[in-house]
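The block underneath contains the structure these notes are about, expressed in structure tokens.
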Amino acid sequence: MRYWLMKSEPDDCSIDDLAALPNQSVAWYGVRNYQARNFMRDQMGVDDLALFYHSSCAAPGIAGIVRISKKAYPDETQFDPSSRFFDPKASRDNPRWLNVDVQLVRKTRLMALAEMRQLPELATMIVLQKGNRLSITPVDPGHWRFIEARLG
DNA sequence: GCCAACGTTGGC
DNA sequence: GCCAACGTTGGC
């Protein structure tokens, strides 16, 4: 059982969008970074928990908690020529990209990036490191407990 | 829109 | 294997 932080652009899928979906769950498609893919493939298990983070938006920060509801399987969008995530080098025999499914656990108050940066307890979080762009990062249990307590 | 940081591609 | 060029991410 591990903890994660997963970035989503709210213009694409916000915490409220997730809450409105059937089963409040969604395929975390579109990851096109090998390190993030490998996290899903090698380390993510069903019932792992993740912070749902809004990125590339006016108010970046943690917006909710989700759980991994299905382990990694091939990302359909890599096979779809009409998708912006289409990958001509991927095939069904040899898929390159994977996704997991996530399900809403609860929406939280927004814990803004600016607030996170002000908390010395969180200073070593991967997502706060300079230049970090990974869309999926592990969160250590101490950070998880601290954030969860602070989210109320 | 700007720009720093990073990952990927492809020529050599 | 090196590395320049290019594309993307993501905060501001």
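So that the names make sense, note that chain A is the first sequence line, chain B the second, and so on, each numbered from 1. Predicted model only: the values in this text are computed from it and were never measured.
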Whole-Å gap separating C1' (C/dG7) and CZ (A/Arg32): 16 Å
Test item: side-chain donor near acceptor, A/Ser14 and A/Asp16, under 3.5 Å: no
Atom-pair distance (CD on A/Gln129; C1' on C/dG10), nearest Å: 16 Å
Under-4.0 Å side-chain N/O to phosphate OP1/OP2 contact, A/Tyr53 with C/dG11: yes
Parallel, tilted or perpendicular, as decided by the 30° and 60° cut-offs, for the rings of A/Tyr3 and A/Trp144: parallel
Rounded distance in Å - CG (A/Leu134) to C1' (B/dC6): 10 Å
Closest-nucleotide 5' rank along DNA chain B - winner of A/Lys89 and A/Gln35: A/Gln35
A/Ile126 CD1 to C/dG10 C1', straight-line distance once rounded to whole Å: 17 Å
Test log, rule side chain to side chain donor-acceptor pair (under 3.5 Å), inputs A/Arg133 and A/Ser55: CA-CA 10 Å; A/Arg133 300 190 321 182; A/Ser55 70; over 6 Å; no
Integer-rounded Å distance: C/dT8 P and A/Lys7 NZ: 17 Å
B/dA4 phosphate, OP1 or OP2, under 4.0 Å from A/Lys130 side-chain N/O: no
Check: A/Arg133 side chain, C/dT8 base, donor-acceptor under 3.5 Å: yes
d(CG, A/Asp87; P, B/dT8) in whole Å: 12 Å
Interatomic distance where CZ belongs to A/Arg84 and C1' belongs to C/dT9 [whole Å]: 12 Å
Joint cluster assignment, A/Leu134 & A/Leu51, ILVMFWY side-chain distance < 4.5 Å: no
Atom-to-atom span, CD1 of A/Ile62 to P of C/dG10 - whole angstrom: 15 Å
